Every structure is written in structure tokens, then in C-alpha cells.
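Letters A, B, ... are given to chains in the order of the sequence lines, protein chains preceding strands, and every chain is numbered from 1. Every value quoted in this text rests on a predicted model; they were computed, and no experiment measured them.
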Amino acid sequence: MEKTLPMPLAATAKKINMNKLAKHTLHYLVLTLLAVITVYPFWWTLVTALSTSGDVFTYPPRMWPENPGLDNFIEVFKTIDVIAFYKNSIIISVLTVAGTLLVCSMAAYPLARMQFPGRNIVFGAILATMILPSEVNFLVNFITVSKLGMGDTYTGVVLPGLAGAVGIFLMKQAFEAVPNDLVDAARVDGATEWQIFWHIMLPLARPALAALTILTLVAAWNQYIWPSIVMASPDKFPLSVGVLYLSGAFSFKIRVVAAGAVLTVLPILMVFLFTQRYFLRGFDGAVK
Amino acid sequence: MSASKKNTLQAWLFLTPALLLLMAFSFWPVGFGSYLAFTQYNLIDAPVWVGLDNFRELFEDELFISALQNSALYLLVVPAIQVLAILLAVLVNNQLPGIKFYRAAYYLPVVTTVSVIGVIWNFMYTDDGALNAVLRWLHVINEPIGWLSDDRIALFSVMFVTIWRGLGWYMVLYLAGLQSVPQDVYEAAVLDGANAWQRFWKITVPLLMPTILLCSVMSMLAAVKCFEEVQIMTKGGPMQSTYTALFYAYEFGIKSLNFGRALAASLVMSVFCVALAWLNFRYLQPRKK
Amino acid sequence: MKLKSIASATLLAVGLTASFSTFAADKPVIEVWTMSLSPKFDGYFKDLVGKYNAQNPGVEVKWTDYPWDVIQAKFTAAVGAGKPPALVNLNVPWAYDYKQDGLIQPVDAIINKTQFVKGALADVTFEGKTYAFPHYNGANVIAYNKDIFARAGLKAAPKTFDDQLSFAKAIKAKTGVAGFAPTLGPTKIEGFFIQNGLDVVKGGKAAFNSPAHVAMMKKLADAYKAGALLKDNLFAQDNFQVQMQAYNAGKMAMLVSTPASLTRIRDEAPVLYKATAVAAAPVGPTGIASGGWMFNFAVAKNVDKALLPEVGKFANYLTNDANQLAFSKLAGTLPTSGKAAKDPHFQTVAAPGGAVEKAVAVAASSLDSTRTIFLSGVKDPEVLSNKLAAAVEQAVTGRKDPKAALDEAVAFWNSKL
């Protein structure tokens, strides 16, 4: 018996492996196909930015750069002060993300876990801001910001966007999923609400916090109308506004504009690539 | 101080920063904006109350009516985005080699700047564009399809770009949601002999329900308020077939400074949004135990 | 805690209805905004402003450039907050819109009208009052692909619009490529009619359903059916980007556009640029050259009254002969000052003598007949323009009888006018 067993077992193992292989191949095939569709426009931009000669619009579209080189990127650096714009973008984004996480999760905690009069009204009012007309917000907010003396400041750019309905909603959902017994145990131990919030809720809501971070970051990084209204001095503009100077009335060069677009997108993409494990936490251990 | 009073005080303290900011930068402009919908206002002189005039003008404009219809039709993107985003999240919710790069790849459209999206998709969609080229090469079509120039198709082409842009965004939210699904439930299900499909329907979907609710509300509001895609690709044409309600508000309000009209248009849309949001909560809100 | 205090301060301030007036600086500041001219013209403006400030110690001119994408929202917000720039760079339709909404004021009292050509002043004169200081102008030329022309057996550029249509049909038939793309979308269609000598409004009534209009629709429909017109975004508000793409990819034979924009052919399609020839844009029966697109400087309505004479003085300096000539040479545009336009620079082809340089000379020759054409003097121009554009689209694509389509739009217009 002992000697005959290995044969079929090995075969089964091999079969399982083959099955797994086929499954994985299919999996990757689907993933790749979708990736081609989502990546292509960025790829085209990159190819355009890296090409130093040839036609930009060709049919069928170009797949590889012609005479690849960094000339267009160098021209971006020569035309606008990329470093200064990056610095401004980073300041605005960091302040926005930190502020949003704090303000939204603080607001979400009582809405998710505490009973108090007026709770539903407050939550309804917050949701209503998502729905009611917000087309003139920029105008009214600019008047408010300048009356507060925050025109031309980072505070003026960042403050109005911190308390967002989406963020509060997202954090509320996450807090609601925290098991009751954990909270009850803490209460029995005499923890204050702030301690529960800070030491139990926030760590357990880390995936939601990470997701909110990456979503807020993109919005803060890419916004251009609002910072351009608040900031009077162009040297305080973030990169999203700064790159618009590349498409001047008499200096529009599509390859340079493409290089500017690549420079704007790359940092966020890098951040996403290296922070994704945070919103996938709790998963790492489970797989092995 | 009684326990419940203390509790209430604490709750409001937690809410204070958000409420102050919301009052200053959301409630105040939103309220002021809603008021302006009943006025004529040019920024310099005080607003003049005109009652329902702006609304009357709106409903007399057949373009606004068809824009509203288009916005309603636009809701078709919601189920498409949500189903695809959930599937995508499940597909990348593992530790296969290279999966990080795939996740980043799906997130790329979210980070891509609007102007680039406009250039590329116009380029993809032209008569001689990449899309027609591929379809011809596959012998699916003989004549090029006017993706953005045929008024029967244009709105759907624009919707596709919305789906394309939104997938990565919702994928991130669903990935975050999936983390709260306990792994041992799956293991138990595997032992019970449930296959992948059953596990998806019986475990993943019900446990994701809160996220599904959040995402579909957001996605519905975004769909009804769709504007950027129209602005960068069709500017409402051809044959005004891609006018959406917010694009209408933008064209006739913000661009030509007719704030009253623009805000009246968005207020009308808000009514639809409220109805939609209510429906969502009614049917997707998980039952509390 | 800091957040909270800031936020409560916000609340307080929102509650206050009185606006704070800004403290008068020791020296009045004249803020000037230009549109999408930085960084290429940084040197030019710093030099110009520096000289002026040195000669006029009583004021301080502050120049800032903002990108086209944001300047409108920024200007609107600045006016709303009571802190407008003294001078803002606008194009003619924007100036008209702002005038209609009462955001800018007439400048008759402070402008030196003698330094401008008549057409330029007329562009920014609405209901008898001048609302802006003319700056630079553009005029269209026609660029065409000589290779495609040769394959279609064509030798020279079309002289009239009818020529252009028949050329386009020949090109489509022989080479399979589209001929050109007229601008038929909303807000552009009126200009198309007017330039071709077809009235849009006459005596306060819509007038675009005459037999001449119908005949024009039939000609266009004919060309459309033959595939002679580039279909992409043909009826969109702006089809310039797709035109540029199509021309640069060799998918369209003729491009009617400004000299400055031809630099894009040079950069994006270098091979095709060598095969590109340039001629004067076809002129309609009105003799008005198409594509005039004038930029100007307007004064916001709530600019400090006491400052107006100084604002005028600087604006006249900014747009005088010498400064305009220098600008046009740098930018490859056309000046709106009479003397600058007569400078030899615009009469000869500059080196290296490519299509871009030829285009400047060609366009300058039609400067006198250059006007910025758009529909003005009607209420709700967007609504009307959309209706007209939709009718034209139905007529040209053959969905509807041209006469019936135009009649319906005329009835709609007259119900609103």
C-alpha cells in the first residue's frame, strides 16, 4: 500500500498544479486585458513625451517612442519652475490629507457609535451637501476666504475642502464594522471616548483611512481651479496649475505638454504603488 | 452631569471641527446658492428676487428637458461601474506576483489629468481612430462607427469614458471593504464545499453591502452630475445628444454668468438626487441586528 | 484646537455682511492680468512694466499672467470679492459677455482711440460704447497639404468658399481623405453665416431661412454626403483640436486657422509641414476675412474710480504702436495699432520662410478686413445658438429638409427675440 500510494498522489498533485496553472493563466489574461485598456492613454502620453521626433498623431497610434530622449522633460524644467510647483503641491496635498482624515473620522465616530439627540439631523445635513447645488461654492468660498485674510495662503486653499461628506460617510461605515465587544471591554476598563476613538477605532479602521488617503490625495493633487483662484501669486501655484503655463497662447507644444502631464501623474502613481499594502492590511497574514 | 448629557456633549465635541467647516464652506454657499436660484444676480449688484422665473425659463427650454433625460439615462453607468469594480477588487485582492502593478494600472485613469483624457479619447473615438481600426481589423465592422459624431451613440461613448475613469476609484473602496470580511468565514465555507461563485454570492456580496451602498450612492450622484466628460469630449453635441443637466447649468449659467439659471437647474437636479439617494438607502441599507 | 479657532472665526466673518475696505497703500497699485502669455513673454512684460514704473513714480503697475483655463473663474471670483484687477486680458466674446452682465465698464473717457485701426475698435464697441483697449489680433490663412492636392490634381489654393467645397469633393473622390472642416457648431455658426454674407438677424427678426441660406445648406449637405467634410466634431462648439489632429495625421487636406497655430504642424508633424503651403483664407462675399480673434484689455466695473485715469494712461501705453509692434514680432500675431500694422515686418516674409512665416505676411495683408465675428445683441445667445446649430446639423446631415429645419429654428428664435 505504502508503495503504491505515491503514484496517484503525485498525479493528483500534478493535476492540481496544472489546474492551478490554468486558473492563474486565465486570471492573468483577464487582468492584462483590462490593464491594457486602462493603461493605454497614459502609455500614449508617455510615448509622446519621450519621442523627440516624428508625427504625434499617427494611425494606427504609435506604440513605442521615436528617437526616445528626455528633451521634452528638460524643456518642461526650463519653461516652468517644476521644483517650486512640486513643493506647493506637496504642501497642499499633505495638509489636505492630514486634515481630512482627522476632521472626517472625528465627525464620523459619534455618528457611528454614539446615541445623542440630533444625530440623524446632523447626518442628513451632511449628506445634503453632497446633493444640493454647489456650483457657486467656489465664488462664495473665495469671498469668505478673502474676508478671513486667507487669500493667497495655503490655509485658504486647504480649509474649505477638509470636511467632506464622502469622507465622513466612509469613516462612519468603517467604525460601524468594529465589533461591539471590543468597545464594551474598553468602556468597562474606564477608557474615555477619545481613548476609544484614538486607540481602538482608528487602528481598526486603517484600511478605510488608507483608502480615504489615496482618494483625497488624488483630488487634492489634481484640483486646479480652486487653488488658482485663492492664490494670487503664480509662484504659489501647485503643479496642476503650473503645467497649464506649458500650453501658452504662442508656445503650445504637445510633446512638452505631455511631458508635463507625465510629471504630474507619476508621483501619485508611485504613492499608490507603495501604499496599497496599507489598505490591504489584515490580509497579509491570512493568505499563507 | 448625567451620563447621557455627558455623552451628548462629547458627541458634539467630536463633531465640532467638521460642523464648523461645513457651515462656513458648505451649508453657507449651498444655502446661498439655493437662494440665488430664485434671483437674478450679477456679482456686483445685490441679487433681485424673481420668484420662479428661472425655473419657468428652464422648463420652457426643451434642451433642458432633454438634458435631464440624458442625465437620467446616464444612471446606466452605475450598475456597470459597480459590478465591474467589485469583480476587479476581488480579482486583485490576493498576493499573486505582480498584482501590485495591476492594481496601479487600474488606478491610472483616476490619476490621469482631465485634459489628457480629453485628447486621448477624442483620438480613440474618431472615424480613423484606434477603436474603429481595431474593430475593422477584427472584421467586426466594415464602415467606421461615429462614436462621438453619431447622435445615437455619442452619449454611450461618453458614458464608457465615465466607467473607465471611475473603475479604479471604486476598486479602492471595495478593496478597503473586502478587508473587513473575516477570512475564517471563507475557510469554513471551503470546508463546507462551497465553490468560488457560491462564496462570492453567499459571503462576499452580503458582507460588502455597506460599501456597495456607499459606492452606489456616490456613483449615482456622480452620474447625475456628470459634466467633465461632456466638456472635454463633445461639448453637448452632436445634435445636442450629450447635453447633461449639469453641463447645461455650466453652459448657461457659470460660463455666461447667469447664476440664477444655473442654480435653478442644479436645484431641479437635486430633487432627483434626493429621490435616488432615498431609494438607495431604502433598498440597500443592511438590516441592523 | 487651531482648526477650531480658525473655523469659528470663519463663522463670525460669514455672519458679517459689511465688507472690509482694503487699506489704501501709499502708492496706488494697478494690477494687470494677461492670459496665457507667460513664460514666453515674461521678458517683454517685465521690461515694459519696469520702464513704465520708472517713468511714473506715482503708481505701481503689477503684472501677472494666468493660464487661459483658470482666468475666467479667477476674474469672476475677484470681481465678486470686490478685489478686481485694474486691467484684464479678454477675447471679444468674453468681453461682450462680461459687458452684458455688467462686470466691466466703458473706457471711452480714458482710451486714446486714435492709435487703433477702426475694425479693432469696432470689435469692442457695443451699443455705441467702447469697452476695452484692443491688443493683438489673429486672422485666418489656409494651410493645405500639397501632396494631397497633387494627388487630387489640384494646383492652387481655393479662392472662395464655393471653390473650397468643390476642391474638397474632388479630394475625397480621388484620395479618400476629407477636404476640410467648416466651423458649424453653436456660437460659431452665426459667424459662418455672417462671413458668407448671410444675415442671421435682420430688423430684430431671425433671418436665416432665406433661399440663399437654404442654398448654402444644400451645398454643405452635398459635400457632407460625399464625405468631403471632416465628420469628427463637425457640429461641436469647437472642432479645432480634431481638425489639427486630422490635418497633422494627413487625414484632412485643408486647414483654415491662424498663423500662430500653424507652429503646431511644424512641431507635431514635421514631415507634413514641409509639404504644407499657405494662402489667404477664402473670403466671403462680405470681404470680411475669417478667423479674426482679437484680444483686448477691459476694466472691471468695481475698480476704484479715482484710479481710472491712471489705468487709462497705462493701458494706452501698453497698447501703443511701439509696444504692439514689438509684441507682434515676438508672437507672430497682428497688431491693432494703425502705425504698427504698416511696419515692413508685416509686408515681407521673415526667415526661415516656412509656412508659419508666410502665414504672418498673408494674414497681415487682410488686416483691414479682419473682424471678430460673433452673435451679439440678443438675449440668451446660447439657447438660440444651440437651436440654430441643431437645425444646421439636421439640414447638413440630411436628417431633415434644409428649408424645414431652418424655418423651425427661425420660428423658435422669433418667439424669443
Donor-acceptor list for residues 91-104 of chain A side chains, cut-off 3.5 Å, not counting sequence neighbours:
| residue | atom | partner | partner atom | Å |
| --- | --- | --- | --- | --- |
| Ser93(A) | OG | Ser89(A) | O | 2.7 |
| Thr96(A) | OG1 | Ile92(A) | O | 2.6 |
| Thr100(A) | OG1 | Thr96(A) | O | 2.6 |

- Sequence neighbours left out, what passes side chain to side chain donor-acceptor pair (under 3.5 Å) with Asp235(A)? Give chain and number order. none
- Message: Run the side chain to side chain donor-acceptor pair (under 3.5 Å) test against Tyr98(C) and tell me which residues pass, sequence neighbours left out.
- Response: Thr76(C)
Which heavy atom of [X] sits nearest to which heavy atom of [Y], and what is that distance?
{"X": "Ala81(C)", "Y": "Ile143(A)", "result": "CA-CG1, 3.9 Å"}
{"X": "Pro67(C)", "Y": "Val241(A)", "result": "CG-O, 4.2 Å"}
{"X": "Tyr66(C)", "Y": "Tyr245(A)", "result": "CA-OH, 3.7 Å"}

- Item | Side-chain donor/acceptor of Arg264(C) to backbone N/O of Ile254(A), under 3.5 Å | no
- Message: Please check this pair: side chain of Lys74(C) against backbone of Met231(A), looking for a donor-acceptor N/O pair closer than 3.5 Å.
- Response: yes
- Query: Are there residues of residues 39-48 of chain C that reach to under 4.5 Å of chain A by heavy atoms, and which ones?
  - Reply: Pro39(C), Lys40(C), Phe41(C)
- Turns out that what part of Tyr224(A) lies under 4.5 Å from chain C's heavy atoms comes down to both
- Sort Tyr247(C) into side chain, backbone, both or neither according to what part of it lies under 4.5 angstrom from a heavy atom of chain A. neither
- Message: Taking side chain as everything from C-beta outward and backbone as N, CA, C, O, which of these in Thr64(C) sits under 4.5 Å from a heavy atom of chain A? Side chain, backbone, both or neither.
- Response: side chain
